[in-house]
Amino acid sequence: MNYEDQSAFRDEDFVKLINIPGLQRCKDISEQRTFIATHFRNRATPNWCFYMHGTAWPGEGDRQPVLDAADKLKQGIFANSWTPYQSIKLKKGNNIDWKKGAPLRFTIYRNTFVPELTTAFVQTGDSSYLKTCLELIKSYIAANPFTLDPMFYQDSDSYFGGLEHDTLAVCRRAFRWFDFLYTGVMQMPNMMSDEEVFYIFKHLSFYAIQYQRFVGDKMRVDNHHLIDHGYACFIFGTMLPELKFASKMQTYGKKTIGFHVDNNLFTDGSYAEHSLKYQYHITFSIMYPQLLAKENGIDLLDGKQIRCLSKWLSLFAHACEPNGRLLSIGDEQGGYINYLFETLAPAVEDDSITAMIQGLGYQARQTESFNGESLKRIAKRFKEGVPNHHGLGKPSKKVKAKLAPTYGIFPIGGFSFMRSAWTKGADYMGISHFSESIANGHTHWDLLSPQISCQGEALIADPSAYMYQQWRNFPDNEQRRRRGYNYAVEAHNTLVVNNNYLNNLEYLGHDCVWGGEPPRHALHNAKKSKFITAIDLSHDGFPEMRHRRIFAQVTGVGFITIDYMNEDGDNMIRPHEYTQLLHADFDVAVEQLGPLTQFQLSKKQANLCVVPGPGSECQVSQRPDKMLEGMTLKSGKVKRGPELIEISRRHRGKAVFSTFYITGTNKVSTAALKSLIPTTPFMHQHPGINAYEIRTKDKGKVLLLSAPFKQKLKLKDIETDARLALVYYSANGRVIDYLMLEGKTLIAPGIKLTHPRKQKAVSKY
């Protein structure tokens, strides 16, 4: 019996691997095929929850309309689901030239044509889509047989079945085949012969054999271990219980998934990899098995573990910009995450998370699962040309929106988020502050890097994240350099000291890590009042200088960043240059606003006026980011890189820089910024203090006071000892709200506090 070469795997070999009551009474292989096919058509268990069939797959991440894709597939035209989104006709006569599809390798290897064709079928009732899908699966198996790599037992992480049969591709391909089989195609008359049903299950079982080789391997925390040893083993062990080794696979898969939940999910609700898109990918391998286990009465995770998943789901809700796109922190652009919110969320969500998901424009769907009995009823009702929407899922009941917190702080994983409301037109800021995550898991050197959306439009962003999938489109001598830039300090919205970018590697050394240990961050304080939120963070990247940054939101006005330099340092003699980098998103216009170093970012109806506190020497410049030219986005080739803005300041001694980000729908000519203390000569501040009043056209004014270096700020009618004090006034001068960090005294117009009331600390999730 050959269990290593798919092309040599005989029908008789498959029969010897399975245990179905009554099979032994069959006289020959022909009877065995019929008996086995009948069994799989009619079996009452297990239940299958659709993996990628349905609207969640075609709608995820800017893919083309599903019917358009399915119609092209009937003509043999395959379209890449990833950049550069090219289409290639692989049909030659009645055959498919799979080798010609090498440029579409991830699309081809993972058989993404399956969800496109099955979804088109249920949306139209046109059975020709299923017939096309069956022929493509059979053709793919015949042309691309799996052969176990001879190096597998020396290095199972690197060697499995070759390029087109890596462990990710094989399991995702197989799960899509289950989707195909559970459309009712096996039960519909004249769709699949006994030989064809037998054939597909035979090859699914061959794939299961390959993952069975991992059973008993030692536990590890890396993601491939989760997928190879847990995800795949549990699904195959659950869906093919007829296999004689299925029970061992399911048990080992359960143990592995539980191990990863216990060891890689932090108590704050974040995951061990500091990359939001990769955390999203990992949800497939944990939440989908939990969904399938729930529908089959299997205890996969205990209550504590499910509560961890619920917290994790909350992280994803906070990490979505108001328009529903996942923020780009770490490798790969964020994109829409329909699959998680619409398909997987019902396995773990509660009403408070549902309210957040609804605020982002998503609607979770009721979990549906199917077996042979229910599929026979569906097939009986089927009429050609009549849509049946089978497996698309019905929307869950809408919950009455609770007052979900508009901030989310995840100090262990290193993520913080603030928004004005849970609506699609809200203002939003996301912050990266790498802490206890693993250093070599798609982690970028994005030290205290904020991203800002206004009116639901991303304006200050991380456009370099698109390079993760784009770098292969560049010449060989450019690929590693472009990917290296993607990870680098200068590709993010960071503060650079004396042109020191910390890691001088120009080229990427490994696909998932730039090199070296990224600076670690600390959360010092976080508070929330009615309209103001402030989060105080630092990192250890400049040991001589020490950089600390407070992020604040004044709801209805915008955001503020306050940078503190030389917090613990004594290097005060020579002047230092501090360069604040801000990367505009694609298609964002940047306009200088007069001589006051103010500028404005605009896209559609959204406008963001950026107002740097003047300091002693402050200059603003902008240029296109040439490292991001030449990429291919869905909208076309990037001829001019998005705008990169640099705010440069020169100072001696301890320094405090404040920058205001005023949000709005109308263009702001200028925002009136007034420094309440004079700027001192020779690049000194007086002495490391900030005191500003910023007036907006129609949003009142904000008073910002900062005395961080253990001295009081004392002016006429104003006094404080706080690291940060913010007072929010209405247009007529009435105090609307205030917030203090690390202070006991706040005296300002309309407010006099020497023992202020305690304000809500939000430093813990």
Side-chain angles (χ1 to χ4, degrees), residues 61-62 80 82-86 277 321 323 325 327-329 331-335 444-446 449-494 496 499 501 506-508 579-594 597-610 612 619-648 659 661 667-668:
D62 300 323
N80 209 339
W82 292 271
T83 178
Y85 310 106
Q86 73 271 47
K277 191 62 176 287
E321 298 169 308
N323 62 6
R325 289 180 65 89
L327 200 67
S328 298
I329 293 179
D331 267 349
E332 197 174 354
Q333 71 272 18
H444 288 206
W445 288 49
D446 50 357
S449 175
Q451 298 180 49
I452 299 176
S453 294
C454 173
Q455 297 295 308
E457 296 291 341
L459 297 177
I460 294 175
D462 184 358
S464 74
Y466 283 79
M467 190 60 70
Y468 177 75
Q469 292 180 350
Q470 294 279 339
W471 66 286
R472 298 177 183 88
N473 301 327
F474 292 96
D476 291 346
N477 62 339
E478 273 288 292
Q479 290 181 352
R480 294 283 172 181
R481 181 167 170 257
R482 299 273 182 153
R483 280 282 280 131
Y485 176 75
N486 179 32
Y487 281 79
V489 169
E490 59 261 46
H492 303 92
N493 303 311
T494 52
V496 178
N499 294 314
Y501 294 96
E506 186 176 7
Y507 295 90
L508 187 73
T579 305
Q580 186 177 348
L581 304 176
L582 295 174
H583 292 260
D585 202 4
F586 294 101
D587 299 325
V588 170
V590 179
E591 176 186 359
Q592 298 280 327
L593 299 176
T597 68
Q598 299 182 23
F599 55 94
Q600 185 159 270
L601 297 92
S602 304
K603 184 176 183 180
K604 296 181 181 177
Q605 80 286 357
N607 294 277
L608 184 71
C609 183
V610 182
Q619 295 181 336
V620 174
S621 63
Q622 72 179 82
R623 55 183 169 83
D625 190 340
K626 290 187 176 297
M627 290 296 287
L628 301 185
E629 292 176 1
M631 296 195 298
T632 304
L633 305 183
K634 193 73 173 179
S635 57
K637 199 172 185 68
V638 177
K639 296 180 180 178
R640 177 187 169 94
E643 294 298 301
L644 168 57
I645 302 124
E646 296 183 349
I647 305 172
S648 298
T659 309
Y661 307 84
K667 287 205 169 187
V668 185

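Throughout, residue positions are numbered sequentially from 1 according to the sequence presented.
Aromatic ring pairs are classed by plane angle as parallel below 30°, tilted from 30° to 60° and perpendicular above 60°; the pair Y487 and H444 is tilted.
Taking the side chain as every heavy atom from C-beta outward, Y501 and T494 never approach each other to under 4.5 Å. Contact check for P624 versus L644: no side-chain heavy atoms found under the 4.5 Å cut-off. Using a 4.5 Å heavy-atom cutoff, the side chains of T632 and Q470 are in contact. In this structure the side chain of I645 reaches within 4.5 angstrom of the side chain of V590, judged on heavy atoms. Looking only at side-chain heavy atoms (C-beta outward), D625 and E643 stay at 4.5 Å or farther from each other. Proximity of R640 to K626: side-chain heavy atoms (C-beta onward) are nowhere separated by under 4.5 Å. Between Y661 and L601 the shortest side-chain heavy-atom distance does not fall below 4.5 Å.
Checked by atom type, the side-chain pair E591/Q600 shows no donor-acceptor distance below 3.5 Å. One side chain, N80 or Q86, offers a donor N or O that lies under 3.5 Å from an acceptor on the other.
At least one donor-acceptor pair under 3.5 Å links the side chain of Q479 to the backbone N or O of F474. Proximity of a side-chain donor or acceptor of S328 to a complementary backbone N or O of A465 within less than 3.5 Å is not detected.
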*asked:* Under the criterion side chain to side chain donor-acceptor pair (under 3.5 Å), I'd like the reasoning laid out for Q605 against Q455: C-alpha separation, chi angles, the key distance, then a yes or no.
replied: CA-CA 7 Å; Q605 80 286 357; Q455 297 295 308; 5.1 Å; no
*asked:* Set out, in order, the CA-CA distance, both residues' side-chain angles and the distance that settles side-chain contact (heavy atoms from CB on, under 4.5 Å) for I329 and D446, then state yes or no.
replied: CA-CA 8 Å; I329 293 179; D446 50 357; 3.7 Å; yes
_Checking E646 against R623 for the salt bridge (Lys or Arg N to Asp or Glu O under 4.0 Å) test, could you report, in this order, the C-alpha distance in whole Å, the side-chain angles of both residues, the deciding distance, and whether it holds?_
CA-CA 9 Å; E646 296 183 349; R623 55 183 169 83; 3.0 Å; yes
*Test D331 against R483 for salt bridge (Lys or Arg N to Asp or Glu O under 4.0 Å), laying out the working first.*
CA-CA 10 Å; D331 267 349; R483 280 282 280 131; 3.4 Å; yes
*Mind running side-chain contact (heavy atoms from CB on, under 4.5 Å) on L581 and E490 for me, showing each step along the way?*
CA-CA 7 Å; L581 304 176; E490 59 261 46; 4.2 Å; yes
*Run the side-chain contact (heavy atoms from CB on, under 4.5 Å) check on V496 and V489 step by step: do they pass?*
CA-CA 8 Å; V496 178; V489 169; 4.1 Å; yes
*Kindly determine whether N493 and D462 satisfy side-chain contact (heavy atoms from CB on, under 4.5 Å), including the steps that lead there.*
CA-CA 8 Å; N493 303 311; D462 184 358; 5.6 Å; no
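We find the CG-SG distance between L459 and C454 to be 6.0 Å, quoted to the nearest 0.5 Å. Here OG1 of T579 is found 5.5 Å from CG of N499. Values are rounded to the nearest 0.5 Å. Taken to the nearest 0.5 Å, the CG atom of D587 stands 10.0 Å off from the CD atom of E457. Taking NZ from K277 and CD from Q333, the interatomic distance works out to 5.5 Å, rounded to the nearest 0.5 Å. In this structure, the separation between CE on M627 and CD on E629 is 10.5 Å, given to the nearest 0.5 Å.
Contact detail for I460 and P450: the closest heavy-atom pair is CG2-O, 4.0 Å. Counting all heavy atoms, side chain and backbone alike, V620 lies closest to F599 at CG1-CD2, 3.7 Å. Heavy atoms only, all atoms of each residue included: A491 and N486 are closest at CB-O, 4.1 Å. Closest approach of M631 to M467, counting heavy atoms only: SD-CE, 3.6 Å. Shortest non-hydrogen contact noted between K603 and A458 is CD-O, 4.2 Å. For the residue pair S453 and E321, the shortest heavy atom distance occurs at OG-OE2, 3.3 Å.
For H492 and H583, the ring centers are positioned 6.0 Å apart or more.
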